[in-house]
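Everything below concerns the one structure shown next.
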Amino acid sequence: MTALPFIDLTPRREHQWFAEGITGEITDALVQVPGLHVVARDAEAVLEGRVYEAGGRVRLSAELKRTADGYKFWSQTFDRPMSGVIAVEQDIAAQIVKRVPSARGWHPRKLRHQASGEAYQAYLEGRSWFGRGGVEALRKAIERFEKATAEARGLCADLKQKLKVEHIDDDLKQYPSLSFYRQGEFIDLCRGPHIPHAGKIGAFKVMTIAGAYWKNDSTRPQLQRLYGTAFFNQKDLDAYLTRIEEAKKRDHRVLGKQLKLFTISQMVGSGLILWMPKGATVRGILESFIKDELLKRGYSPVYTPHIGRLELYRTSGHFPYYRDAQFPPMYHRPSAGTLDLCQYRLAMGEIDEKREHDYQEYMRQAHMLPPEYLKEPSQAKKLEMMHQFVLILLKELHVNLPEYHRATNHKDRADALLKWLMEQEGFLLKPMNCPHHIHIYKAEPRSYRDLPVRLAEFGTVYRYEQTGELNGMTRVRGFTQDDAHLFMTPEQVESEFRDNLEFVLFFFRTLGLTDYRVRLGFRDPASTKYVGEAADWDAAQTSLEKIVKSLGMSYTVEPGEAAFYGPKADFVVKDCIGREWQLGTVQLDYNLPKRFDLEYVGADNKPHRPIMIHRAPFGSMERFMGILIEHFAGAFPLWLAPEQVRIVTVSDKFRAYGETVERQLRDKGFRVAGDYRPDKMGAKIREAQLDKVPYMLIVGEKEQSAGAVAVRARVEGDRGVKPVAEFIDCIEREVQTRSLTATI
RNA sequence: GCUGCUGUAGCUCAGCUGGUAGAGCGCGUCCUUGGUAAGGACGAGGUCCUGGGUCCGAUUCCCAGCAGCAGCUCCA
């Protein structure tokens, strides 16, 4: 091991936790991570800036892929469990080491017992990979070889890579042969391609490490995944990192705070947006903009309440289908909630993790949680205990439910309970507006002459999103959709759908949103989550694609992305760090009209079933606002800016004149503020710049005597002195045309 | 929900492996009355996320919870 490189993992506070040599062992262990090659080089490169190497350079490599940003690389997911815990630097380095598989006798050993805490040292036993191959091994070419599938399976089994074996059995056995890559003695099943050898990587950085489900399936085990990026040289890497930093400055969560657009309070609840005056101003302008357009296009405004009876959502299917993503139902009888929970689980026939906590809580409150329940490992027995609990509850409530008692299995018991629950008055915070709008449609008989009926509302809905999904304004638990539901004859579907796509495009164009993609969400034929007849789906999907084609839009068809009731076209945009969000959406629905038994009278004087379109050009005001903040980097165009003009006085003496200018602008309907503090003008200008106010009007001696203002545009700077009236003309025009200039 | 990281003043963060905390910006008061991105002085402001535990002593170490961040899963 003499001249061999090693990683020095600097512990958080001191160095003496690790015996010298341990670091080499860690490198050694890293080598064994499937898909991760460790390369020794001459340089002082660091891993995440904190892992130093004595005589060489550590590099990670794996699949390289060219992207718009350069090269990206990521490791394969690890194949074996970890067994060591190391207290080192708090970030990446520790994570890598922590996750290294145990193949070579990786032993954690308690090093020292602090007053309370424990520190661990970990060390490896066994021969060193470097020890045998040395640096030369790392410079070896990465070679590809192929094996017949059966042989390949055997090789993976020999390497004790059980997930690879599983992968072959599940998905790869259809291929006659499989490819491997080898560097020295490291062998990995991989489709490739690979770089010729790891030395090709000039600079890399491990970006993040995170869990990922095996085969992206949340019921399967979770593995660790390393994300990194690699470039041919350090300069390109630095440039890339700088670009990322710049992008993060556009983050709507950062700008929203800085510019006082919105806030989120833990007390009010996570995922619930509090729109501050400036954010609310922008939203209000957007809403009026939409409302005006809707009126022009023949929509009728409606208002509906924020809650509805559970029965409504049972009929629509939303309550049973999205049960876990909703706030709990509200029953008048408190115990009905508990029975509802039991009914749900008896119906499912399993104890789901998500509801277990709630269930135990109810049981505990009812003094009905026996220790046996907690210890019971069998799901079937737990369900049986739940059933016994229901019996007691029914008795105590004096609920006579003969059907429940007669039932011999959980499914029938669940049905009996459901029947009772349906008689109980219960409400749900509305997760969707459509059921309410449907009942407006149903409130009067409809003739084909009335169609299409277009009902629009800024409808606020509530969904209990998983904690891990919440994200600023883009993923929240309460949001307002710029929603509308259209009811029409089959003949009208095509033109209505087309109009709506154009509608969305019109908004996006107005706001300068050009970087989006169109996604056609179709049914996944293999999935059971969809309702309705296959024939309806096929018809809907075919006509949808036809319309999109005829509009000349580029799009991708994505099976499995449909709503449960119908196919849809979504407009998807990226946020400042490249994550995709669905904004505008137009959805076809043949199912809800059936569920709610909607009708219209046709020309033949017979009842017919209308077809529905759900559409929301912005998606939700919250998400749209979030994306818009990032799109404009907080610098809204004049027509949207919460503060359009700021008066800046050169000194205190000109306050009175400043106020007359302010009044003139306000009378014309502009959003204007005056900064009359006795600070230096330069400081006040700087503040207005940072507040991203489009126009500053500097007033002092010169302006006062001329009845004018010195105009400073946020982007171009000083534009010279103008009479007030002339300035007003200018900005009136800019607002009317919804100009997007000066928004950088 | 899962994996990992983080949680200190209004904001951004520092606090050197345990002895009741600091900076910059912001805020307040006073001085300064100026010409296109930061004038100066003084001052106020903190349950160090919450709850347990270890210890003579915990912001610091341990456990649990909550919240935020990144990724995965989900997204009507």
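All values below were derived from every heavy atom in this structure, side-chain atoms included, with hydrogens, water molecules and symmetry-related copies excluded. By convention in this document, chain letters (A, B, ...) are assigned in the order of the sequence lines, proteins followed by strands, and residues within each chain are numbered from 1.
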| task | May I ask you to evaluate whether K257(A) reaches the phosphate of U12(B), defined as a side-chain N or O under 4.0 Å from OP1 or OP2? | result | yes
| message | Both distances below 3.5 Å, Watson-Crick or wobble geometry, any strand: find the nucleotide opposite G51(B). | response | C63(B)
| Hey, does Y321(A) reach any base, or is it just sugar-phosphate, or nothing, if we go heavy atoms under 4.0 Å? | nothing
| said: Below 30° counts as parallel, above 60° as perpendicular, anything between as tilted: where do the rings of F727(A) and Y695(A) land? | reply: perpendicular
| remark: Rounded to whole Å, the CG-P distance (D652(A) to G34(B)) equals 11 Å
| query | Paired with A38(B) by Watson-Crick or G-U wobble geometry, both distances under 3.5 Å: which nucleotide is it? | reply | none
| message | From the set G35(B), C74(B), A76(B), return the single nucleotide nearest to any side-chain atom of E469(A). | response | C74(B)
| Would you say a side-chain N or O of T467(A) is under 4.0 Å from OP1 or OP2 of G1(B)? | yes
| request: When you get a sec, tell me which of G35(B), U33(B), A38(B) is the closest nucleotide to the side chain of E701(A)? | output: G35(B)
Could you go through nucleotides 27-32 of chain B and list every protein N or O atom that sits under 3.5 Å from one of its N or O atoms, giving the distance for each pair?
none

| request: Kindly say if K653(A) contacts the phosphate of G34(B), meaning a side-chain N or O under 4.0 Å from OP1 or OP2. | output: yes
| note | The correct set of residues in residues 567-576 of chain A placing a heavy atom under 4.0 Å from RNA chain B is K568(A)
| request: For G45(B) versus U32(B), give the span between their C1' atoms, rounded off to a whole number of Å. | output: 26 Å
| message | Using a 6.0 Å cut-off, check whether atom OH of Y464(A) has over 12 heavy atoms from anything other than its own residue. | response | no
| said: Considering every strand and a 4.0 Å limit on heavy-atom distances, what is the contact class for Q689(A): base, sugar-phosphate, or nothing? | reply: base
| When you measure from the side chain of R623(A), which nucleotide among A76(B), C75(B), G35(B) comes out closest? | C75(B)
| When all nucleic acid strands are considered with a 4.0 Å heavy-atom cut-off, which category describes E703(A): base, sugar-phosphate, or nothing? | base
| Among side-chain atoms of D570(A) and Y516(A), is any donor-acceptor pair under 3.5 angstrom? | no
| task | Report the nucleotide, chosen from G35(B), G68(B), A76(B), that has the shortest atom-to-atom distance to any side-chain atom of L470(A). | result | G68(B)
| field | Between R517(A) and T556(A): side-chain donor-acceptor atoms closer than 3.5 Å | value | yes
| Is the distance from OP1 or OP2 of G68(B) to the nearest side-chain N or O of N471(A) less than 4.0 Å? | no
| message | Under 4.0 Å, heavy atoms only, any strand: does G717(A) hit a base, just the sugar-phosphate, or nothing? | response | nothing
| task | For A688(A), report the nucleic acid contact type (base, sugar-phosphate, nothing); a contact means any heavy atom under 4.0 Å. | result | nothing
| So, do Y322(A) and A76(B) meet the stacking rule of ring centres under 5.5 Å and planes under 30°? | yes
| query | When you check the phosphate oxygens OP1 and OP2 of A70(B), does a side-chain N or O of R253(A) lie under 4.0 Å from one of them? | reply | yes
| note | Winner on side-chain proximity to R475(A), out of C74(B), G68(B), G35(B), is C74(B)
| said: Taking the basic N atoms (NZ, or NE/NH1/NH2) and the acidic carboxylate oxygens, is any pair closer than 4.0 Å for E561(A) and R523(A)? | reply: no
| query | What is the distance, rounded to the nearest whole Å, between atom CD1 of I685(A) and atom P of G34(B)? | reply | 15 Å
| message | I'd like the P distance from U3(B) over to C63(B), given in whole Å. | response | 15 Å
| Would you say C74(B) has OP1 or OP2 under 4.0 Å from some side-chain N or O of R463(A)? | no
Tabulated below should be each protein N or O lying under 3.5 Å from an N or O of nucleotides 48-52 of chain B; please produce it.
none

| Using purine N1 to pyrimidine N3 plus N6-O4 or O6-N4 for Watson-Crick, or N1-O2 and O6-N3 for G-U wobble, both under 3.5 Å, which nucleotide pairs with C13(B)? | G22(B)
| Are D589(A) and H614(A) linked by a side-chain donor-acceptor pair shorter than 3.5 Å? | yes
| said: The side chain of Q466(A) is closest to which nucleotide in this list: A76(B), G35(B), C74(B)? | reply: C74(B)
| What interatomic distance, in whole Å, is found between P of C25(B) and the corresponding atom of G39(B)? | 11 Å
| said: Would you measure the distance from the C1' atom in C48(B) across to the matching atom in U8(B) and give it in whole Å? | reply: 4 Å
| task | Hunt down the Watson-Crick or G-U wobble partner of U33(B), both distances under 3.5 Å, from any strand shown, or write none. | result | none
| query | Is the distance from OP1 or OP2 of G71(B) to the nearest side-chain N or O of R579(A) less than 4.0 Å? | reply | yes
| field | Pairing partner (Watson-Crick or G-U wobble, both distances under 3.5 angstrom) of G46(B) | value | none
| Expressed as a whole number of Å, how far does the C1' atom of U20(B) sit from that of G10(B)? | 23 Å
| Quick one: the side chain of S651(A) and the base of U33(B), do they pair up donor-acceptor inside 3.5 Å? | yes
| said: Need the pair for C69(B). Rule: Watson-Crick or G-U wobble, both distances under 3.5 Å, any strand; none if unpaired. | reply: G4(B)
